[in-house]
Chemist: 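Please find one structure pasted underneath; my questions will follow.
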Amino acid sequence: MNFEKAKTTYRKNAVVQKQMAKCLINFLIKNYGKTFDNIFEIGSGTGFLTDEIRNNLKYKKIILNDITDNFTNFEPDIYLKGDINKIELPLDIDLILSNAVFQWIEDYELLFKRLRSILKKDGIIAFSYFGKENFIQIKNITGIGLEYPNLDKYIEKEGFKILHFEEELKTLYFKDVHNLLDHIKFTGVKAEDKVWTKKDYIDFKDKYFEKYKDDNGFELTYHPLYYTIRAI
C-alpha cells in the first residue's frame, strides 16, 4: 500500500470505497440508530467514512486513527497516528467503525482482542473488508495479490457475535489496461513489489484483453464484505 502518495488522488478514484462507506452507515442507522457517545474510526484516510459519520450520526466524541497524518479536512476530538495494533487505544468506546482498511492488518487475532478491550458493554463494531474475488483478474493473470482471509474465526475466538454479514460484487470498467492500472495506483494499492519490464507489461495487457475485455471495456472486480459484530 502507498496511501501517502495517493492522498491527492484517492477521493477521485476510490469510487467503490466511497459507496462502501455509505452502505456501512446506512445499515448501521437502520438497525442501531444514529446516536452514540464515543465513536472511534480506524483508518480514516481522506475521510469518506468520516464524512458519513459527521453528516449522519450524532455523537459526543469522535476519535480518528490512521498510519498517516490526518487527511480528512476535519479536526476530530482526538487523532491517533500509527498502526492500530501498536498505538495506545482510547477507552469506553460505543462504536468502532472502519471502511476498506482491515485487509492491511497483519495480525487479526491481536486486532480483535485489542478492540474488544476498549468497547463499552453492548458496544458494536461495524466494518467493511474485501473478499477473495477482489481484484481477481489481476491475481489470475499475475499470480500475485493480497490474501483476504475469512475473519469469522478471529471474530468468534475473541468473544464477538456476528450480528450481520453481507457481501456484494462490484465491477468497474476501463477503456484500456493503462487506465485500469492507474486506477489501482491512484487508490494507494501496490499490486506487487517487482518492477515490470516492457515485456511484462505487454504480456499482462495481452492476457487481460483476451480474458477480461468485453463490450463495456476492461473489467475489474471489487468484492466488498460488511460486518457488524458485538462482544458477548
Side-chain angles (χ1 to χ4, degrees), residues 1-27 42-52 66-68 71-73 98-105 127-151 165-227:
M1 58 182 173
N2 200 352
F3 297 125
E4 187 81 32
K5 290 184 178 180
K7 65 179 183 289
T8 59
T9 57
Y10 186 86
R11 288 187 74 89
K12 180 180 178 181
N13 291 273
V15 292
V16 172
Q17 290 88 337
K18 184 175 183 178
Q19 294 168 2
M20 290 166 65
K22 288 182 178 295
C23 287
L24 199 61
I25 295 300
N26 287 342
F27 177 83
I42 299 169
S44 53
T46 60
F48 281 150
L49 183 57
T50 309
D51 290 345
E52 293 296 322
D66 211 317
I67 59 173
T68 65
F71 296 136
T72 65
N73 294 319
S98 187
N99 180 51
V101 171
F102 282 5
Q103 66 273 11
W104 303 111
I105 300 296
F127 68 93
S128 63
Y129 174 65
F130 291 107
K132 62 183 180 180
E133 297 299 310
N134 207 60
F135 288 6
I136 191 63
Q137 297 88 350
I138 305 290
K139 193 168 187 178
N140 284 345
I141 292 175
T142 66
I144 297 173
L146 284 179
E147 295 297 326
Y148 300 97
N150 186 317
L151 299 185
F165 170 80
E166 66 177 276
E167 60 185 315
E168 59 183 340
L169 293 176
K170 290 180 175 290
T171 302
L172 301 185
Y173 291 93
F174 301 86
K175 66 178 182 179
D176 56 40
V177 170
H178 181 75
N179 284 344
L180 184 149
L181 293 175
D182 274 349
H183 166 79
I184 295 173
K185 180 176 71 174
F186 292 155
T187 57
V189 179
K190 196 173 183 181
E192 54 182 293
D193 290 330
K194 80 167 190 172
V195 177
W196 283 16
T197 65
K198 183 176 181 179
K199 182 179 183 304
D200 290 333
Y201 175 73
I202 292 173
D203 287 346
F204 176 82
K205 184 171 67 172
D206 290 345
K207 289 176 181 176
Y208 219 106
F209 182 88
E210 179 184 349
K211 294 184 175 183
Y212 303 116
K213 168 70 165 61
D214 61 22
D215 292 341
N216 295 309
F218 292 82
E219 68 177 45
L220 181 67
T221 297
Y222 281 82
H223 186 188
L225 311 178
Y226 302 91
Y227 281 89

Chemist: With side chains defined as the heavy atoms from C-beta onward, is the minimum distance between L220 and I184 less than 4.5 Å?
Modeler: yes
Chemist: Take the angle between the ring planes of F127 and Y227 and call it parallel below 30°, perpendicular above 60°, tilted in between.
Modeler: parallel
Chemist: Rounded to the nearest 0.5 Å, how far apart are CD of Q103 and CG of L151?
Modeler: 10.0 Å
Chemist: Going by the rule side-chain contact (heavy atoms from CB on, under 4.5 Å), which residues pair with L172 if we only count those two or more places apart in sequence or in a different chain?
Modeler: V15, V16, F174, H183, Y222
Chemist: Does this structure show an ion pair linking K139 with E147, if we count only N-O contacts that are shorter than 4.0 Å?
Modeler: yes
Chemist: Tell me the closest heavy-atom pair linking N179 and D176, and the distance in Å.
Modeler: N-OD1, 2.7 Å
Chemist: A side-chain contact here means heavy atoms from C-beta on lying under 4.5 Å apart; do F204 and I141 qualify?
Modeler: yes
Chemist: Suppose we screen for ring pair (Phe, Tyr, Trp, His ring centres under 6.0 Å). Which residues come up paired with Y212, at least two apart in sequence or across chains?
Modeler: Y208
Chemist: Quick one: does Y10's side chain get under 4.5 Å of F48's, heavy atoms only?
Modeler: yes
Chemist: How about D214: does its CG atom have over 12 heavy atoms from other parts shown lying under 6.0 Å from it?
Modeler: yes
Chemist: Can any side-chain N or O of S44 pair as donor or acceptor with the backbone N or O of G47 at less than 3.5 Å?
Modeler: no
Chemist: Are any non-hydrogen side-chain atoms of L181 and K185 less than 4.5 angstrom apart?
Modeler: no
Chemist: Indicate whether the side chain of S128 and that of N99 have a donor and an acceptor atom separated by less than 3.5 Å.
Modeler: yes
Chemist: Just by distance, do the side chain of N134 and the backbone of H223 share a donor-acceptor pair under 3.5 Å?
Modeler: yes
Chemist: Give the C-alpha distance, both sets of side-chain angles, the deciding distance and a yes or no for side chain to side chain contact (heavy atoms under 4.5 Å, CB included) between F135 and L146.
Modeler: CA-CA 9 Å; F135 288 6; L146 284 179; over 6 Å; no
Chemist: Could you please spell out the steps behind the side chain to side chain contact (heavy atoms under 4.5 Å, CB included) verdict for T221 and L169?
Modeler: CA-CA 7 Å; T221 297; L169 293 176; 4.1 Å; yes
Chemist: For F165, is the CZ atom crowded, meaning more than 12 foreign heavy atoms sit under 6.0 Å from it?
Modeler: yes
Chemist: What's the shortest heavy-atom distance between E219 and Y173, and which atoms?
Modeler: CB-CE2, 3.6 Å
Chemist: What's the separation between atom NZ in K12 and atom OG1 in T46, rounded to the nearest 0.5 Å?
Modeler: 14.0 Å
Chemist: Can you see whether K211 engages Q137 through a side-chain donor-acceptor pair at a distance of less than 3.5 angstrom?
Modeler: no
Chemist: When you measure from the side chain of N26 to the backbone of K22, do you find a donor-acceptor pair of N or O atoms at a distance under 3.5 Å?
Modeler: yes
Chemist: Nearest heavy-atom pair of Q17 and A100: which atoms, and what distance?
Modeler: CG-CB, 3.8 Å
Chemist: A side-chain contact here means heavy atoms from C-beta on lying under 4.5 Å apart; do P224 and K170 qualify?
Modeler: yes
Chemist: Taking all non-hydrogen atoms of both residues, which atom of G45 and which atom of T72 are closest, and how far apart?
Modeler: O-CG2, 3.4 Å
Chemist: Can you name the closest pair of heavy atoms from E166 and F27 and give their distance?
Modeler: OE2-CD1, 4.3 Å
Chemist: Given the rule in the side chain to side chain contact (heavy atoms under 4.5 Å, CB included) test, do Y226 and M20 qualify, once you have shown the distances and angles that lead to the verdict?
Modeler: CA-CA 8 Å; Y226 302 91; M20 290 166 65; 3.4 Å; yes
Chemist: Quick check: do L180 and I138 have side-chain heavy atoms less than 4.5 Å from each other?
Modeler: yes
Chemist: Can F218 and F209 be said to form a side chain to side chain contact (heavy atoms under 4.5 Å, CB included), step by step?
Modeler: CA-CA 7 Å; F218 292 82; F209 182 88; 3.7 Å; yes
Chemist: For the atom pair CD1 (I67) and CH2 (W104), what is the distance rounded to the nearest 0.5 Å?
Modeler: 9.5 Å
Chemist: Any salt bridge linking K213 with D206? Criterion: basic side-chain nitrogen under 4.0 Å from a carboxylate oxygen.
Modeler: no
Chemist: Given 3.5 Å as the limit, does a donor-acceptor pair link the side chain of T187 with the main chain of N13, or not?
Modeler: no
Chemist: Would D51 and R11 count as a salt bridge (charged side-chain N to carboxylate O under 4.0 Å, His left out) here? Give the steps.
Modeler: CA-CA 12 Å; D51 290 345; R11 288 187 74 89; 2.9 Å; yes
Chemist: Give a yes or no on whether a salt bridge exists between K207 and D203, defined as a side-chain N under 4.0 angstrom from a carboxylate O.
Modeler: no
